[in-house]
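Since the structure comes first, as structure tokens, the remarks are kept for the end.
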2 protein chains.
Amino acid sequence: MVSDSSSKRLTIYDLARLAETSPSTVSAVLNGTWQRRRISKKLASKILSLAQAEGYSANMQARALRSERSGIIGMILPLYDNRYFSSIAQHFESEARRRGLFAIVSCTNRDPKQECEAARMMLAYRVECLVCTGATDPDTIAQMCAESGVQSINLDLPGSKAPSVISNNREGARQLTHAILNRLVEEKRSDDPVLFIGGRDEDHNTRERIAGFKQAREEVGLVTAEENILPCDYAADKAQTALERYMLKRSTPPSAMFVNSTISLEGIVRGLQLNGYYLDDIIFGCFDWDPLAAAFHPRLMMVRQNVIEMIDRVFELIDTPPQDPHLLIEVQPEIMGV
Amino acid sequence: MVSDSSSKRLTIYDLARLAETSPSTVSAVLNGTWQRRRISKKLASKILSLAQAEGYSANMQARALRSERSGIIGMILPLYDNRYFSSIAQHFESEARRRGLFAIVSCTNRDPKQECEAARMMLAYRVECLVCTGATDPDTIAQMCAESGVQSINLDLPGSKAPSVISNNREGARQLTHAILNRLVEEKRSDDPVLFIGGRDEDHNTRERIAGFKQAREEVGLVTAEENILPCDYAADKAQTALERYMLKRSTPPSAMFVNSTISLEGIVRGLQLNGYYLDDIIFGCFDWDPLAAAFHPRLMMVRQNVIEMIDRVFELIDTPPQDPHLLIEVQPEIMGV
DNA sequence: CTAGCATGCACAATCGGTTGTGCATAGCGT
DNA sequence: ACGCTATGCACAACCGATTGTGCATGCTAG
């Protein structure tokens, strides 16, 4: 490693001087097109070993500028801090890496303005594709991408201007609800009501989950009272107060609850603990997955969305872009702890 | 919005044609140096509104290439999937955004090879600074950065070739241990042993935490037997089997445990549940923070590292790079649930 | 002996910005 | 009327790669 004392980094021009050849030849060798350009094997290996020895690393900005390919793929994400979104980020990254792409992920706090701003930044950095995860307003972003000629894909929440990959929320909710109801039967409490709590009723996923919940109950001959459906938003505090308000009318907590995310579960559990209720007898079904929570509670069943398959589907869409922007791919989640 | 049907994006040359001026003028106006270049206010606002109307967005690759400033700041991270690391990523991102920088975060699975590879990529994209979080081998990366003339900073785990920002692990552990011991006294079980479990004894943080643990016990006149210190690595399975092996000699679980991360806690709780032990009486102190876990267990105390302050310190170091690469900044964590 | 092709490489334009410099014109003082 | 400065902008070089094209040279075939 000769690394100049000058902090300037090596360019193909430096390598060309060192190898006594031309920059274009160095470029061809380093980006693998040298056979097509009929560079001799001898010169090629000379340049390669030189580059190695000197620790050359290509300036991606220059490459991107000239080749019109940034090598970057972007994702916007609501939050990192739950197992679902963080594993989405993680798999997205490693899958991108496997394909020689550099993944950049931006966290937008479920805020449409931040989503737009992040998308604008990503487009400025000339991402080759933008994956829009759990966006509150996916269509605006899809529109921005389309105007820049950049492919976009929706993940977790569907949109109408770009293909979408989501979980089969209805079927997952149906299965989770059946699991809850079976557990009630096993424990001879089949007449007790089940409370659905958490999520937003404007949001596609919540609506589907409510539909699955009702459908499962219908399938065993139960009708669902609207008062037992509480889409009070996701936040822990909202869920906690919603439950407290619900319980004003009754003296005991519901024997079973369908909780629409771990963050809602957090509020609910905290509220019940604070009020001195014994938790272990309550049957929880949570449409989300957190192994630490699952370890703590014996009657907690969880839906684990199939992140690996979802990310695979996303990259398949990237490889062969579909014609239909309404394309909706639903991936089956798994019920844990039944 | 006139957006050409041609998918080509607008450049300063297009804007110059539209505004009947020169590209250099457009550039000066758009990057704010127009006053210094004595462009008339009239022309400036004409160009600005044109850029707005046409939805111009600068090509960051071109800008970075010419100005030698990518506007990118990088971070490598072991994992996303716990509250500590995910909030590090989240605050890093928003703080970077506040400073007009674009954050890119890469997940390296505690694997030195992946860490190196990610650092290489980041350097190829000409990050202006690299923050190295919880790296297994921070010095190698600091070395790579130094050779490229890029500033680097260690976070969470210290290194010797770049300044480091970490939690005050020893003091945090000392306080957590005191909290555990106080609880034992309150519950009249002060003679029961306390088990330290989880972490790696090669790792700086674990060593410090063990030291803090022992120190706290010493301060109340207790000596710590080495058999009660089990740095069995972080993974859930490792912790589970380590605890099971430990319990072969005794019939009941320890009344109190100092658990060195939520991932270890997961294995321990799961193991105890599987073996039918009643958890709620066990006092847990966990050097990590997870509000959902905290909601579930009444006797779980947790250490919440002060991520916001740590990230602030990191950016202060970026703003005014210190001369001494051995600089170690320790941030006080907070004990939750005492 | 020479046309013709393959081989091996160098030249130069280009991507889209940034920035040092230079050149008009206008305004001002004397 | 003349010189001087201030104003307002355009020119062109450059950042570091990629890539179409062209020019020697060597070899083969006729």
Side-chain angles (χ1 to χ4, degrees), chain A residues 4 6-48 51 54 56-72 123-126 128 148-149, chain B residues 4 6-48 51 54 56-72 123-126 128 148-149:
Chain A
D4 293 355
S6 85
S7 78
K8 297 295 301 170
R9 275 177 278 200
L10 238 58
T11 70
I12 53 169
Y13 296 89
D14 301 322
L15 289 179
R17 259 192 306 96
L18 292 172
E20 297 173 298
T21 177
S22 76
S24 58
T25 301
V26 173
S27 169
V29 169
L30 292 177
N31 67 32
T33 61
W34 56 280
Q35 327 241 22
R36 205 184 320 138
R37 288 185 149 264
R38 298 189 311 238
I39 311 292
S40 66
K41 188 156 201 162
K42 193 179 145 202
L43 182 54
S45 49
K46 176 178 177 184
I47 292 175
L48 280 174
E54 299 288 330
Y56 170 80
S57 117
N59 184 324
M60 294 313 226
Q61 326 289 351
R63 169 177 300 184
L65 176 57
R66 179 54 229 248
S67 63
E68 324 246 71
R69 293 201 57 224
S70 64
I72 300 178
L123 291 172
Y125 278 97
R126 298 303 190 259
E128 295 180 14
S148 296
Chain B
D4 293 355
S6 86
S7 77
K8 297 296 302 169
R9 276 177 275 200
L10 238 58
T11 70
I12 54 169
Y13 297 89
D14 301 321
L15 289 180
R17 260 193 305 98
L18 293 172
E20 297 173 299
T21 178
S22 75
S24 58
T25 302
V26 174
S27 169
V29 169
L30 293 177
N31 66 33
T33 61
W34 57 278
Q35 325 239 26
R36 204 182 325 139
R37 291 188 144 265
R38 298 188 312 235
I39 311 294
S40 66
K41 188 154 199 158
K42 192 180 150 204
L43 182 53
S45 51
K46 175 178 178 185
I47 292 175
L48 279 174
E54 299 287 331
Y56 170 81
S57 115
N59 184 324
M60 294 311 227
Q61 328 288 351
R63 169 176 301 182
L65 176 59
R66 180 54 230 248
S67 62
E68 325 246 73
R69 292 202 58 223
S70 64
I72 301 178
L123 291 173
Y125 277 98
R126 299 302 188 260
E128 296 180 14
S148 296

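Letters A, B, ... mirror the listed sequences (proteins, then strands); counts begin at 1.
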Please give, in whole Å, the distance from [N] [atom2] to [X] [atom1]?
X: I12(B); N: dT14(C); atom1: CD1; atom2: P; result: 16 Å
X: Y13(A); N: dC15(D); atom1: OH; atom2: C1'; result: 9 Å
X: R69(B); N: dG17(C); atom1: CZ; atom2: P; result: 17 Å
X: R126(B); N: dG16(D); atom1: CZ; atom2: C1'; result: 9 Å
X: M60(A); N: dG16(D); atom1: CE; atom2: P; result: 15 Å
X: N59(B); N: dA17(D); atom1: CG; atom2: P; result: 16 Å
X: L65(B); N: dC15(D); atom1: CG; atom2: P; result: 9 Å

Answer with base, sugar-phosphate or nothing: what part of the nucleic acid does A58(A) contact at a heavy-atom distance below 4.0 Å?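 A58(A): backbone/sugar contact only, no base atoms under 4.0 Å.
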Counting the atoms with a prime plus P, OP1 and OP2 as sugar-phosphate, which does E68(A) contact under 4.0 Å by heavy atoms, base, sugar-phosphate, or nothing? sugar-phosphate
Taking all atoms of both residues into account, what is the closest heavy-atom pair of [X] and [Y], and its distance?
X: E128(B); Y: S70(B); value: OE2-N, 3.3 Å
X: A28(B); Y: R37(B); value: CB-CD, 3.4 Å
X: S148(A); Y: L123(A); value: OG-CD1, 3.9 Å
X: D14(A); Y: R9(A); value: OD2-O, 3.8 Å
X: A124(B); Y: S57(A); value: CA-OG, 3.8 Å

Main-chain N/O of T25(A) paired to S22(A) side chain as donor or acceptor, under 3.5 Å: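 It does hold such a pair.
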Main-chain N/O of K41(A) paired with S45(A) side-chain donor or acceptor, under 3.5 Å: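 Flag set: sc S45(A) to bb K41(A) pair under 3.5 Å.
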Contact list please: residues 18-30 of chain A against DNA chain C, heavy atoms, distance less than 4.0 Å, in numerical order.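 When residues 18-30 of chain A is checked for heavy atoms under 4.0 Å from DNA chain C, the hits, listed by number, are T21(A), S22(A), S24(A), T25(A).
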Just wondering, do Y125(A) and I72(B) contact through their side chains at under 4.5 Å, heavy atoms?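 Contact flag for I72(B)/Y125(A) side chains = yes.
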Is there, by distance only and without an angle test, a donor paired with an acceptor across the side chain of R63(A) and the base of dT18(D) below 3.5 Å? no
Go through residues 34-46 of chain B and report each residue with a non-hydrogen atom lying under 4.0 Å from DNA chain D, sorted by number.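 When residues 34-46 of chain B is checked for heavy atoms under 4.0 Å from DNA chain D, the hits, listed by number, are R37(B), R38(B), I39(B), S40(B), L43(B).
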Find the distance between CZ (R63(A)) and CD (Q61(B)) and round it off to the nearest 0.5 Å.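 If we round to the nearest 0.5 Å, R63(A):CZ and Q61(B):CD are 12.0 Å apart.
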dA17(D) phosphate, OP1 or OP2: any side-chain N/O from Y56(A) under 4.0 angstrom? yes
Is the phosphate of dT18(D) approached by N31(A) (side-chain N or O, under 4.0 Å from OP1 or OP2)? yes
